[in-house]
Every structure is written in structure tokens, then in C-alpha cells.
There are 2 protein chains.
Amino acid sequence: MSWDLQTDRPIYTQLIEQMEIRILSGVYPSGSRLPSVRDMAQEAAVNPNTMQRALSQLEEAGLLVTHRTSGRSVTEDAQMISQAKRKLAREQIETFLENMGRLGFDHAEALLLVSGMLEEMKK
Amino acid sequence: MSWDLQTDRPIYTQLIEQMEIRILSGVYPSGSRLPSVRDMAQEAAVNPNTMQRALSQLEEAGLLVTHRTSGRSVTEDAQMISQAKRKLAREQIETFLENMGRLGFDHAEALLLVSGMLEEMKK
DNA sequence: ATTATTGTATTAAGCGCTTAATACAATAAT
DNA sequence: ATTATTGTATTAAGCGCTTAATACAATAAT
């Protein structure tokens, strides 16, 4: 699981997004413990402060729980996680339709283009 | 046509994206002249230097042409524009499928979710 | 001919992000 | 009891982005 970070926007926001995806997709399952801030920072080739910043915001969002001296873990509220996952998926679809709309494709056309591309990829 | 700019990433990159969309979707048609840098900067509530930076990069990309003292205009190469539009649409679909994939949905599922949401929106 | 408009360039300042270095308190591990 | 590990906090420096102020050359408009 690689951390590919772009330079065109703040690293800590990218860390937040990627961590969120890992949590929602089950890479870090509900209740599981995370590596230490320092370890995760090193793995992502990032300063510990920057990783700390991202993690503390994920805690604020309710996805992570901090145990002062024994590290952090993913929330045990599995329902919250699956709810967040559905919400994020919905948002992905909305942004996609919005983006296509700005290019001049309505919803029906966008759907057609997606299924068309999937057909192509089958071959 | 509003310029809603976020603070989470550089303004000039957002200007580039939004200008590109306006060009590809025909808001600024092929061959049409753009307002001056100063005017566009004021309209977007941005410093002229920032707008200049975005426009000069769009010129580098071949979408804009500069006429030293009589302003800028959109390239007259209509074919290039439509090609860029197709390319951008394709990229939108790919990113969407990629994002859904990271959340744990395969291509078929993603397509189903889109059509599902469109059904909902009809009601 | 004169004026206004065009893109362009330069300099200085402020700001947030990122890194680096360092330190501390709490507590799990030994 | 001692040690190692944990999250956390602070300070200073560098960097790119953004703004502001200003100026210049080229040329369209008058």
C-alpha cells in the first residue's frame, strides 16, 4: 500500500484522504490498532508533525480513537464506518456527474460513456 | 459564470482548470477573444499576477493564443479543443472508477450505483 | 500625434505548509 | 524500578503561493 503524494496541494490533506479510504475500505479494520505516528510518518516519507496533523483531524472526525500512550486505533463503531463509506461513494458519484455536466454531458450521456468505456475494457 | 475558489490548494491551478472547462465546454468558443488579464482578475477577485500565471500556462498548453497588445484568444484549432474535451471526459471516468475501486467497488458495481442514483433522482 | 489598453516583469511583504530538532508527560513493557 | 514507547507541544527555518505596488514596451484606438 503506497503513499503517493502530489506536490500540488497540502500533504496533510492527502494523508487524511488516503487514511480515510484505508479505513472505509477495510485496510485498517474497525477496532484495529494503527502503527505509531513516527512509524507511519516514516512509511509515508513525511515529517511526524505532518502525519500527526492528519491523524488528529481524523480523530476529530470520529474515525480514529487515541489511547494516550498506547497508540491510536480505528473506531469500533462499524456502523459509522459503513455509513461514511456509503456517503463517500455517493459524493464520488455526485462529483463525477457534476464534472461531466460542466464539460457539457448530461447525466444520461455520462452514464452511457461509462458503460461504453467498460465495454471497451472488456475486449 | 462564477469562480468559486477553494483555499485548500493553489488558486492558479484552480483557475487553469476552470478556464479549461470553459474553453472545452464552449463558454469561450474557439477563436473568441478573452477579456484582459486585469478584467478577468477582477472578475475572479484575484490578483492580476495570479490570473496571468494561469493564462500563460494555458497558452503553453496550446489552448490560448496571445496577441501581444490586443489581448488573448482561444485557439482556432477546433479539432484540438474537441480532442482535449474527449480526453478530459475519459480521464474523469477513469478517476471516478479508480476512486470507487479504492473504496471497494468494482467497475460493474460502480456503474450500478450510478444508474441507481439516476433512478432515484428521477422521482 | 496622443492616449489608452494590452501583456509582461520586478520587488517586497505576509501567509500557510513542511521540515527539523528537541522536549515532555504518561504508561506499557521489561 | 527502570526503560522504551506513546502522543503531544514548541521553536525556527525554508519554501511556494498570493497579494500589492509599480513600471515598461508595444500597439490599438482616438
Side-chain angles (χ1 to χ4, degrees), chain A residues 2-20 22-23 28-76, chain B residues 2-20 22-23 28-76:
Chain A
S2 62
W3 296 85
D4 80 302
L5 300 167
Q6 314 296 326
T7 56
D8 67 335
R9 59 206 183 97
I11 295 179
Y12 83 97
T13 55
Q14 300 182 59
L15 292 177
I16 291 175
E17 289 172 4
Q18 298 199 20
M19 275 302 297
E20 188 180 10
R22 284 166 198 225
I23 293 169
Y28 294 131
S30 176
S32 69
R33 195 190 151 180
L34 297 181
S36 75
V37 183
R38 292 170 177 81
D39 286 353
M40 296 192 70
Q42 191 172 19
E43 193 194 315
V46 148
N47 191 275
N49 294 336
T50 307
M51 183 57 80
Q52 161 75 12
R53 189 172 182 174
L55 295 182
S56 67
Q57 291 207 18
L58 284 166
E59 187 185 357
E60 208 174 324
L63 286 177
L64 295 183
V65 180
T66 301
H67 317 290
R68 198 59 180 79
T69 58
S70 60
R72 280 193 177 83
S73 57
V74 180
T75 174
E76 298 195 0
Chain B
S2 61
W3 296 85
D4 80 303
L5 300 167
Q6 313 297 325
T7 58
D8 66 335
R9 60 209 183 93
I11 295 179
Y12 83 97
T13 54
Q14 299 181 59
L15 293 176
I16 292 175
E17 289 171 4
Q18 298 198 20
M19 277 301 299
E20 189 179 9
R22 284 164 197 227
I23 294 169
Y28 294 131
S30 176
S32 68
R33 195 189 149 182
L34 296 183
S36 75
V37 184
R38 293 169 177 79
D39 286 353
M40 298 193 69
Q42 192 171 20
E43 193 194 317
V46 148
N47 191 277
N49 293 336
T50 307
M51 183 58 80
Q52 160 74 13
R53 189 171 181 175
L55 295 181
S56 67
Q57 291 208 17
L58 283 164
E59 187 186 357
E60 208 174 323
L63 287 176
L64 295 183
V65 180
T66 301
H67 316 291
R68 196 61 180 77
T69 59
S70 59
R72 279 192 178 83
S73 57
V74 179
T75 174
E76 299 196 358

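Small disclaimer: the values here were computed from a predicted structure and weren't measured. By convention in this document, chain letters (A, B, ...) are assigned in the order of the sequence lines, proteins followed by strands, and residues within each chain are numbered from 1.
Protein atom CE of A:Met51 is 11 Å distant from nucleotide atom P of D:dG7, rounded to whole Å. Summarising the geometry, the separation between CG on A:Leu55 and C1' on D:dA9 is reported as 16 Å, rounded to the nearest angstrom. In this structure, CG of B:Asn47 is placed 15 Å from P of C:dG7, rounded to the nearest angstrom. The interatomic distance linking B:Met40 (CE) with C:dT6 (C1') rounds to 14 Å, in whole Å. Distance CG (A:Asn49) to C1' (C:dA21): 10 Å, rounded to an integer number of Å. The nearest whole Å value for the distance from the NE2 atom in A:His67 to the P atom in C:dT27 is 13 Å. Atom CD1 of A:Ile16 is separated from atom C1' of C:dC17 by 13 Å (rounded to the nearest Å). One interatomic measurement links the two molecules: CD of B:Gln14 to C1' of D:dG16, which rounds to 15 Å at whole-angstrom precision.
Sequence order on DNA chain C of the closest nucleotides to A:Tyr12 and A:Thr69 puts A:Tyr12 first from the 5' end.
Counting heavy-atom neighbours within 6.0 Å of B:Glu59 CD, excluding the residue itself, gives a total above 12.
When all heavy atoms are compared, the tightest approach of A:Asp8 to B:Pro10 is O-CD, 3.1 Å. In this structure, B:Gln14 and B:Asp4 approach most closely via the heavy-atom pair OE1-O, 4.3 Å.
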For this session: Any chance you could encode DNA chain C as dot-bracket? Rule is Watson-Crick or G-U wobble with both distances under 3.5 Å; [ ] for pairs crossing earlier ones, | for another strand.
Result: ||||||||||||||||||||||||||||||

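In this structure, B:Arg9 does not reach the D:dC17 phosphate: none of its side-chain N or O atoms is under 4.0 Å from OP1 or OP2. Listed pair A:Arg72 / D:dT8 meets the phosphate criterion, a side-chain N or O lying under 4.0 Å from OP1 or OP2. An OP1 or OP2 oxygen of D:dT8 is reached within less than 4.0 angstrom by a side-chain nitrogen or oxygen of A:Gln52. A close approach under 4.0 Å does not occur between any side-chain nitrogen or oxygen of A:Ser56 and OP1 or OP2 of D:dG7. Using a 4.0 Å cut-off, some side-chain N or O of A:Arg53 falls inside it from OP1 or OP2 of C:dC17. Distances shown here put a side-chain N or O of A:Ser36 below 4.0 Å from the OP1 or OP2 atom of D:dT6.
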Exercise. Should A:Leu5 and A:Leu15 be marked as a side chain to side chain contact (heavy atoms under 4.5 Å, CB included) after you check the CA-CA gap, both sets of side-chain angles, and the distance that decides it?
Worked result: CA-CA 8 Å; A:Leu5 300 167; A:Leu15 292 177; 4.1 Å; yes

Exercise. Step by step, would you call A:Ser73 with A:Arg33 a side chain to side chain donor-acceptor pair (under 3.5 Å)?
Worked result: CA-CA 4 Å; A:Ser73 57; A:Arg33 195 190 151 180; over 6 Å; no

For this session: Please report the C-alpha distance between A:Met40 and A:Val46 in whole Å, then the side-chain angles of each, then the deciding distance to 0.1 Å, and finally whether the side chain to side chain contact (heavy atoms under 4.5 Å, CB included) criterion is met.
Result: CA-CA 8 Å; A:Met40 296 192 70; A:Val46 148; over 6 Å; no

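Of the N and O atoms on the side chains of A:Gln18 and A:Trp3, not one donor lies less than 3.5 Å from an acceptor on the other residue.
Ranking C:dA23, D:dT19, C:dT19 by closeness to the A:Arg38 side chain, first place goes to C:dA23. Taking only side-chain atoms of A:Val46, from C-beta outward, the nucleotide of C:dT8, C:dT19, C:dT10 with the closest atom is C:dT19. If you check D:dA20, D:dA9, C:dG7 against the side chain of B:Thr66, the one that comes closest is C:dG7. Among the nucleotides C:dT19, C:dA28, C:dG7, the one closest to any side-chain atom of A:Ser70 is C:dA28.
B:Leu55 pairs in a side chain to side chain contact (heavy atoms under 4.5 Å, CB included) with only one of the listed residues (B:Arg53, B:Gln57, B:Met51), which is B:Met51.
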